[in-house]
Colleague: 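Right, I'll just put the structure down here and ask away after.
Residue numbers run from 1 in the order of the sequence given. Only heavy atoms go into these numbers, but all of them, side chains included; no hydrogens, no water, no symmetry mates.
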Amino acid sequence: MMVKSIKPIKDETRPKVYIETYGCQMNVNDSEVILSILQDAGYVLTEKMDEASLILANTCSIRDNAEQRIWGRIEQFRLQKRRREGVIIGIVGCMAERLKEKLLDTHVVDLVAGPDSYRSLPGLISRIAPDSPQIDVLLSHEETYADISPVRMDRNGVSAFISIMRGCNNVCSYCVVPYTRGAERSRDPYTIVREAEELFANGYREVCLLGQNVDSYYWKDPATADRNVNFAGLLEMVAKVSPEMRVRFSTSHPKDISDEVIYTMAVYDNICKHIHLPVQSGSNAMLEKMRRKYTREWYLERVSKIRSVIPDCGITTDVIAGFCGETEQDHRDTLSLMEEVCFDGAFMFQYSERPGTLAARKYPDDVPDEVKTARLNEIIALQNRMSLKSNEKEIGKRLTVLIEGVSKRNSGELFGRAGNNKVCVFPACGHHVGEYVTVEVTSCTSATLISKTV
Ligand code: SAH
Ligand code: SF4
Ligand code: F3S
């Protein structure tokens, strides 16, 4: 079986598409689905916006600055449109879903398609005419693109994303995702395993299973309930594809991550020992307002459970600074939780109010910007210290690394990740991309483990 690859631009008569991707890993994978659909409709991919007849931006709405960046890109696209008659500009993804017709007011955008409308792209494109832009932002309860083979754009040929579900049924009060991506639905596990098998047969050595809350993955078998599959079951099915194929996943929700998932991780050597477990805040008052449905104590218990079953499991997180009504004490609670857990890494953000969310309707965004920034900086500084501390613990250890590429700083060095998701850099010594190597960590920074092969 073949993994669909990027079609070479042989035939100059074929229309060319240029795709820019913003936002999370799911959007990266969605762009691969979009390319698959467009290649079947005759398009070829180009990396040069100047030669594309179709320019797409797959967009993100998670924070206001993500959207502001896209508005800036739309102005760039306006220039393309002035210079080249007939070029089509499409906005797809979360911002398309959120803003809908409003994007047409720019008089730049010809095409607006939401995350569940990608199958209709060829049809929409064919109907575009001057003064007749096309829009499809219907959300679906069924669409998982299960039968579409994504065209891998990563080019390292080693590690690939597989979306196992779409949408989200949690209503975290700050979050726009349930509105932009609709209700949660799980994908048929047999199509997931088939995709993993095809990737393995084509040289891939790592898959990352993606969902907004992978722990609530649940497939109801249409024939018999005996064959229903939960996330632990799915992990096991994918881990069995080959012991040489690593399995990662993201994102775990602290309220839903089960002991069964943790034990399954422990049983299979090829399930990477890393959990991305966004905490958002260390204050119970904030967690309640955020509607995360767990407490600080619950979160800390999950972390101890993980560490008791998998002692060297990497744990990373997301943190929001300056949510509505956050006091200095709430902020201190976040810092103390971070210190207590000593996360191996974190994505850290200032709260950004999103129109239409529960928080936007119910709670004033009342932490002044300069306070948000100061708190965020404090959180970042603490995490840098924690990351360094966590990396220093690796010095002298031997780790198995899957080689992902050549170091950007030094062409004689390679890089890859250990199972715990830490990036290792080491002299090439005849090794190549896609191989597993054992390295010994000799020193570190807060971001990288400097190592040598052994
Ligand atoms: N489904 C994942 C998160 C997806 S969004 C989960 O539940 O953990 C990725 C991260 O963006 C979130 O974890 C959160 O930290 C951040 N985020 C989401 N909405 C935000 C907002 N309105 N302002 C600031 N950060 C936000
Ligand atoms: Fe957003 Fe919460 Fe869903 Fe994550 S779980 S996507 S933060 S609503
Ligand atoms: Fe992802 Fe951004 Fe949408 S984070 S789900 S692309 S709003």
Colleague: Which residues pass the ring-ring contact (aromatic ring centres under 6.0 Å, His included) test with Phe347, not counting sequence neighbours?
Modeller: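 With sequence neighbours excluded, Phe347 shows a ring-ring contact (aromatic ring centres under 6.0 Å, His included) to His276, given in chain and number order.
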
Colleague: Which heavy atom of Pro189 sits nearest to which heavy atom of Leu234, and what is that distance?
Modeller: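 For Pro189 versus Leu234, the nearest heavy atoms are CB-CD1, 3.8 Å.
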
Colleague: Check Pro364 against Cys324 and note the closest heavy-atom contact, atom names and distance.
Modeller: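 Nearest pair, atom of Pro364 first, then Cys324: O-CB, 3.4 Å.
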
Colleague: Taking side-chain contact (heavy atoms from CB on, under 4.5 Å) as the test, write out the residues that go with Glu184, two or more places apart.
Modeller: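 Here the qualifying residues are Met165, Asn169, Ser216.
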
Colleague: Go through Asp330 and Thr327 one step at a time and tell me if the side-chain hydrogen bond (donor to acceptor under 3.5 Å, both in side chains) criterion holds.
Modeller: CA-CA 5 Å; Asp330 293 322; Thr327 63; 3.0 Å; yes

Colleague: State whether the number of non-hydrogen atoms from other residues, nucleotides or ligands found under 6.0 Å of Arg73 atom CZ is greater than 12.
Modeller: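 Yes - once you tally the heavy atoms of other residues, nucleotides and ligands closer than 6.0 Å, there are more than 12.
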
Colleague: Could you label the plane-to-plane angle of the Phe323 and Tyr351 rings as parallel, tilted or perpendicular, counting under 30° as parallel and over 60° as perpendicular?
Modeller: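 Geometry flag for Tyr351 against Phe323: perpendicular rings.
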
Colleague: Quickly, which of Lys293, Lys255, Arg292, Gln212 forms a side-chain hydrogen bond (donor to acceptor under 3.5 Å, both in side chains) with Asn170? Name it, please.
Modeller: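 Going through the options one by one, the only one that passes is Lys255.
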
Colleague: Rounded to the nearest 0.5 Å, how far apart are NZ of Lys16 and OG1 of Thr46?
Modeller: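 That separation rounds to 6.5 Å.
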
Colleague: In terms of side-chain geometry, is the basic nitrogen of Arg185 or Glu142 positioned less than 4.0 Å from the acidic oxygen of its partner?
Modeller: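 Salt bridge between Arg185 and Glu142, a charged N being under 4.0 Å from a carboxylate O: no.
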
Colleague: Within 45° of the ring axis of Tyr18 and under 6.0 Å from its six-membered ring centre, is that where the NZ or CZ of Lys48 lies?
Modeller: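 Cation-pi check for Lys48 and Tyr18: fails.
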
Colleague: If you apply the rule ring pair (Phe, Tyr, Trp, His ring centres under 6.0 Å), what do you find for Phe415 with Phe426, and how did you get there?
Modeller: CA-CA 6 Å; Phe415 75 92; Phe426 48 89; 8.8 Å; no

Colleague: Tell me which donor-acceptor pairs under 3.5 Å the side chains of residues 376-386 have, and how far apart each pair is, sequence neighbours excluded?
Modeller:
from, atom 1, to, atom 2, distance (Å)
Asn377, ND2, Thr373, O, 3.4
Glu378, OE1, His331, NE2, 3.1
Glu378, OE2, Arg332, NH1, 3.2
Glu378, OE2, Arg332, NH2, 3.1
Gln383, NE2, Phe343, O, 3.1
Gln383, NE2, Ser387, OG, 3.0

Colleague: Once side-chain hydrogen bond (donor to acceptor under 3.5 Å, both in side chains) is applied, do any residues pair with Gln68, and if so which ones, sequence neighbours excluded?
Modeller: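 Gln68 satisfies side-chain hydrogen bond (donor to acceptor under 3.5 Å, both in side chains) with Asp64 only.
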
Colleague: Please name all residues satisfying salt bridge (charged side-chain N to carboxylate O under 4.0 Å, His left out) with Glu47, sequence neighbours left out, ordered by chain then number.
Modeller: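 If we apply the salt bridge (charged side-chain N to carboxylate O under 4.0 Å, His left out) test to Glu47, skipping adjacent residues, the hits are Arg155.
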
Colleague: Between Ser31 and Asn58, does any side-chain donor sit less than 3.5 Å from a side-chain acceptor?
Modeller: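 Distance-only check passes for Ser31 and Asn58.
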
Colleague: Given side chains that start at C-beta, do those of Thr357 and Tyr174 come closer than 4.5 Å, heavy atoms only?
Modeller: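 Side chain of Thr357 against side chain of Tyr174, heavy atoms only: no contact under 4.5 Å found.
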
Colleague: Show the nearest heavy-atom pair for residues Lys422 and Ser390, with the distance to one decimal.
Modeller: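 Result for this residue pair: NZ-OG, 2.6 Å.
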
Colleague: In Å, rounded to the nearest 0.5 Å, how long is the span from CD1 of Ile62 to CG of Asn65?
Modeller: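 Answer rounded to 0.5 Å: 11.0 Å.
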
Colleague: Considering only NZ, NE, NH1 and NH2 on the basic side and carboxylate oxygens on the acidic side, decide whether Glu244 and Arg205 come within less than 4.0 Å.
Modeller: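 Arg205 and Glu244: not salt-bridged.
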
Colleague: For the residue pair Glu206 / Tyr204, report whether a side-chain donor-acceptor contact shorter than 3.5 Å exists.
Modeller: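 No, no side-chain donor-acceptor pair sits under 3.5 Å.
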
Colleague: Of all the heavy-atom pairs spanning Leu388 and Ser446, show the shortest one and how long it is.
Modeller: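 Shortest heavy-atom separation between Leu388 and Ser446 comes out as CD1-N, 3.8 Å.
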
Colleague: Please assess Met286 against Asp333 for the test side-chain contact (heavy atoms from CB on, under 4.5 Å), listing each intermediate value before the final yes or no.
Modeller: CA-CA 10 Å; Met286 288 297 106; Asp333 289 348; over 6 Å; no

Colleague: Is there a side-chain contact between Arg181 and Met26 (heavy atoms, below 4.5 Å)?
Modeller: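 Side chain of Arg181 against side chain of Met26, heavy atoms only: contact under 4.5 Å found.
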
Colleague: Are Arg375 and Val367 side-chain neighbours, meaning at least one heavy-atom pair lies under 4.5 Å?
Modeller: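 Side chain of Arg375 against side chain of Val367, heavy atoms only: contact under 4.5 Å found.
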
Colleague: Would you call Lys372 and Glu326 a salt bridge, taking side-chain N to carboxylate O under 4.0 Å as the test?
Modeller: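 Between Glu326 and Lys372 there is no salt bridge, as every charged N stays at least 4.0 Å from the carboxylate O atoms.
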
Colleague: Around Arg361, counting heavy atoms of other residues, nucleotides and ligands shown, do more than 12 lie under 6.0 Å from its CZ?
Modeller: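 Counting neighbours around CZ of Arg361, more than 12 heavy atoms of other residues, nucleotides or ligands fall under 6.0 Å, so yes.
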
Colleague: Can you list every pair that meets side chain to side chain donor-acceptor pair (under 3.5 Å) and has a residue in residues 94-106, with sequence neighbours left out?
Modeller: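 Found Glu67-Arg98.
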
Colleague: Under the salt bridge (charged side-chain N to carboxylate O under 4.0 Å, His left out) rule, collect the residues that match up with Arg83, sequence neighbours excluded.
Modeller: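 Arg83: salt bridge (charged side-chain N to carboxylate O under 4.0 Å, His left out) contacts with Asp50.
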
Colleague: Quick one: list whatever passes salt bridge (charged side-chain N to carboxylate O under 4.0 Å, His left out) with Arg152, sequence neighbours left out.
Modeller: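 Arg152 satisfies salt bridge (charged side-chain N to carboxylate O under 4.0 Å, His left out) with Glu32, Glu195 once adjacent residues are dropped.
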
Colleague: What is the distance from atom CG of Leu56 to atom CG of Leu45, rounded to the nearest 0.5 Å?
Modeller: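 Between atom CG of Leu56 and atom CG of Leu45 there are 10.0 Å.
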
Colleague: Which atom names give the shortest non-hydrogen contact between Leu399 and Leu449, and what distance separates them?
Modeller: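 Minimum heavy-atom contact is CD1-CD1, 3.7 Å.
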
Colleague: Side chains of Tyr22 and Glu20, heavy atoms from C-beta outward: is any pair under 4.5 Å?
Modeller: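 Tyr22 vs Glu20: side chains touch.
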
Colleague: Using ring-ring contact (aromatic ring centres under 6.0 Å, His included) as the criterion, list what pairs up with Tyr217, not counting sequence neighbours.
Modeller: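 Tyr217 satisfies ring-ring contact (aromatic ring centres under 6.0 Å, His included) with no other residue.
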
Colleague: In Å, rounded to the nearest 0.5 Å, how long is the span from CZ of Phe161 to CG of Asp30?
Modeller: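 If we round to the nearest 0.5 Å, Phe161:CZ and Asp30:CG are 11.5 Å apart.
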
Colleague: Salt bridge check: are Asp147 and Arg187 linked by an N-O gap of less than 4.0 Å?
Modeller: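 Salt bridge: no.
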
Colleague: May I ask you to check whether over 12 heavy atoms, not counting those of Glu288, lie within 6.0 Å of atom CD?
Modeller: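 Not more than 12 within 6.0 Å, no.
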
Colleague: Of the non-hydrogen atoms in Val87 and Ala52, which two are nearest, and what is the gap between them?
Modeller: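 Of all heavy-atom pairs spanning Val87 and Ala52, the closest is CG2-O, 3.7 Å.
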
Colleague: Which residues pass the salt bridge (charged side-chain N to carboxylate O under 4.0 Å, His left out) test with Asp110, not counting sequence neighbours?
Modeller: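 With sequence neighbours excluded, Asp110 shows a salt bridge (charged side-chain N to carboxylate O under 4.0 Å, His left out) to Lys81, given in chain and number order.
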
Colleague: Contact between Leu414 and Val425 at the side-chain level, heavy atoms closer than 4.5 Å - yes or no?
Modeller: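 Not touching, per the 4.5 Å side-chain cut-off.
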
Colleague: Roughly how far, to the nearest 0.5 Å, is OG of Ser250 from CG of Asn213?
Modeller: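 These two atoms lie 10.5 Å from each other.
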
Colleague: With a 4.5 Å cut-off on side-chain heavy atoms, are Glu143 and Tyr118 touching?
Modeller: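 Tyr118 does not reach Glu143 side chain to side chain.
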
Colleague: Check side-chain hydrogen bond (donor to acceptor under 3.5 Å, both in side chains) between Arg78 and all other residues, then give those that pass, not counting sequence neighbours.
Modeller: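 In terms of side-chain hydrogen bond (donor to acceptor under 3.5 Å, both in side chains), with neighbours along the sequence ignored, Arg78 is linked to Glu75.
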
Colleague: Listing request: all salt bridge (Lys or Arg N to Asp or Glu O under 4.0 Å) pairs with a residue in residues 34-45, at least two apart in sequence or in separate chains.
Modeller: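 The answer is Lys4-Asp40.
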
Colleague: Are Val279 and Leu337 side-chain neighbours, meaning at least one heavy-atom pair lies under 4.5 Å?
Modeller: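 Touching, per the 4.5 Å side-chain cut-off.
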
Colleague: Using a strict threshold of under 4.0 Å (side-chain N to carboxylate O), is an ion pair present between Asp116 and Arg166?
Modeller: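 The answer is yes: the pair qualifies as a salt bridge.
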
Colleague: Enter the distance from Cys424:SG to Glu404:CD here, rounded to the nearest 0.5 Å.
Modeller: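 One finds 10.5 Å between SG of Cys424 and CD of Glu404.
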
Colleague: If only atom types and distance count, is the side chain of Arg354 paired as donor or acceptor with the main-chain N or O of Ser61 below 3.5 Å?
Modeller: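 Checking the backbone N and O of Ser61 against the side chain of Arg354, a donor-acceptor pair under 3.5 Å is found.
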
Colleague: Heavy-atom distance under 4.5 Å between the side chains of Ile125 and Ile88, does that happen here?
Modeller: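 Result yes, sub-4.5 Å side-chain heavy-atom pair found.
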
Colleague: Could you walk me through whether Asn29 and Leu210 pass the side-chain contact (heavy atoms from CB on, under 4.5 Å) check?
Modeller: CA-CA 9 Å; Asn29 192 223; Leu210 298 178; 4.3 Å; yes

